[in-house]
Amino acid sequence: MDLLQFFNNKLKFTDEENEELSNAFKVEIYAKGTTVVQPNSFVKKVYFVEKGLLRCYYYKEGKDITHFFFDEDTFTAPLNSVFYNKEEAYGWETLEETTLRVIQYDDLQDLFIKYPSIQRFFFGVSLDILNSYALKLEYLQFYTAEERYANLLETNPGILHRTSLGHIASYLGITQQTLSVIRGKK
């Protein structure tokens with residue numbers, strides 16, 4: 001879904017607001033395997049995934065760990081840079097050819113001032129993002145590896161066809177061997 005369709009499915013914006021949003025969010029297209037945000041960088045942008053798949057990752061003890069996936073119709077931002085003026089520990093990599101709509105956070109804040117409806121919209125988006133992170137944390141803390149895998153299949157069944165099993169295993173907080181055992185039981 002393109003950016004304006006996404007906005008207007010959630011909240012009907014005026015023609016003026018739609019034009020401002022369309023002009024403010026620039027289109028960026030990335031090939032598969034492109035690093036969009038380097039780990040330990042400083043980026044104050046907000047991203048909307050129109051097409052494709054991003055993987056958010058970090059390094060721990062030399063290992064590449066998948067933190068989150070962002071697919072179509074998803075907003076994301078390097079939160080440490082945008083909100084805390086710090087380096088972002090996470091990197092973002094495209095797992096498919098990916099089309100992003102991108103805006104500098106300062107430009108988005110200007111739109112918030114000019115159009116309170118846009119600010120209200122992004123408040124809701126922020127709550128959705130917060131909920132996604134909270135659910136992932138809940139699953140990591142309170143559910144078994146099999147339950148985490150079942151939840152991933154239920155909430156994002158297409159992900160298995162879009163990324164490697166290694167990325168999925170690290171996202172679930174398990175080894176690739178454990179993931180193979182779980183998949184073998186199904």
Is any side-chain heavy atom of [X] less than 4.5 Å from a side-chain heavy atom of [Y]?
| X | Y | value |
| --- | --- | --- |
| T178 | Y149 | no |
| V49 | D71 | no |
| D128 | S132 | no |
| F13 | L11 | yes |
| S117 | R120 | yes |
| L53 | F69 | yes |

What are the two closest heavy atoms between [X] and [Y], and how far apart are they?
| X | Y | value |
| --- | --- | --- |
| S22 | L4 | CB-CD1, 3.8 Å |
| T34 | A31 | OG1-O, 2.7 Å |
| K45 | P78 | O-CD, 3.2 Å |
| L165 | L179 | O-CD2, 3.5 Å |
| V82 | A77 | CG2-CB, 4.1 Å |
| R183 | L160 | NH1-CD2, 4.4 Å |

Is the backbone N or O of [Y] less than 3.5 Å from a side-chain atom of [X], with the two atoms forming a donor-acceptor pair by type?
| X | Y | result |
| --- | --- | --- |
| E88 | N80 | yes |
| R101 | F48 | no |
| T35 | E93 | no |
| T66 | Y171 | no |
| S81 | K86 | yes |

Kindly work out whether a path of hydrophobic side-chain contacts (I/L/V/M/F/W/Y, heavy atoms less than 4.5 Å apart) joins [X] to [Y].
| X | Y | answer |
| --- | --- | --- |
| L111 | F123 | no |
| L130 | F121 | no |
| I182 | Y139 | no |
| L79 | Y58 | yes |
| L152 | L137 | no |

Any chance you could measure [X], atom [atom1], to [Y], atom [atom2], to the nearest 0.5 Å?
| X | Y | atom1 | atom2 | result |
| --- | --- | --- | --- | --- |
| T163 | L95 | OG1 | CG | 4.5 Å |
| T76 | L54 | OG1 | CG | 7.5 Å |
| Q176 | H167 | CD | NE2 | 10.0 Å |
| F25 | E20 | CZ | CD | 12.0 Å |
| L100 | L3 | CG | CG | 11.0 Å |
| T98 | E72 | OG1 | CD | 8.0 Å |

Checklist entry - Would you call the rings of F112 and F122 parallel, tilted or perpendicular if under 30° counts as parallel and over 60° as perpendicular? => result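 The arrangement is tilted - the two ring planes meet at 30° to 60°.
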Checklist entry - Under 30°, 30 to 60°, or over 60°: which ring-plane class applies to F68 and Y133, parallel, tilted or perpendicular? => result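 If you compare the ring of F68 with that of Y133, the planes turn out tilted.
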More than 12 heavy atoms of other residues, nucleotides or ligands under 6.0 Å from [atom1] of [X]: is that the case?
| X | atom1 | result |
| --- | --- | --- |
| E154 | CD | no |
| K12 | NZ | yes |
| N23 | CG | yes |
| E19 | CD | no |

Item to check | ring-ring contact (aromatic ring centres under 6.0 Å, His included) between F6 and F75, intermediate numbers included | outcome: CA-CA 10 Å; F6 183 81; F75 276 97; 5.8 Å; yes
Item to check | salt_bridge(D64, R55) N-O dist < 4.0 Å | outcome: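 Counted as a salt bridge, because a side-chain N and a carboxylate O are separated by less than 4.0 Å.
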Item to check | Check against side-chain contact (heavy atoms from CB on, under 4.5 Å), Y143 and N151 | outcome: CA-CA 10 Å; Y143 292 85; N151 178 65; over 6 Å; no
Next on the checklist: With side-chain contact (heavy atoms from CB on, under 4.5 Å) as the test, pick out the partner of Y47 among I103, V37, T74.
Outcome noted: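 Filter result, single survivor: V37.
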Checklist entry - Checking salt bridge (Lys or Arg N to Asp or Glu O under 4.0 Å) for the pair E97/K51: CA distance, chi angles, key distance, verdict? => result CA-CA 8 Å; E97 181 176 304; K51 176 183 163 247; 3.5 Å; yes
Next on the checklist: Quiz question: by atom type and distance under 3.5 Å, do the side chains of Y115 and E16 form a donor-acceptor pair?
Outcome noted: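 Present: a donor and an acceptor within the cut-off.
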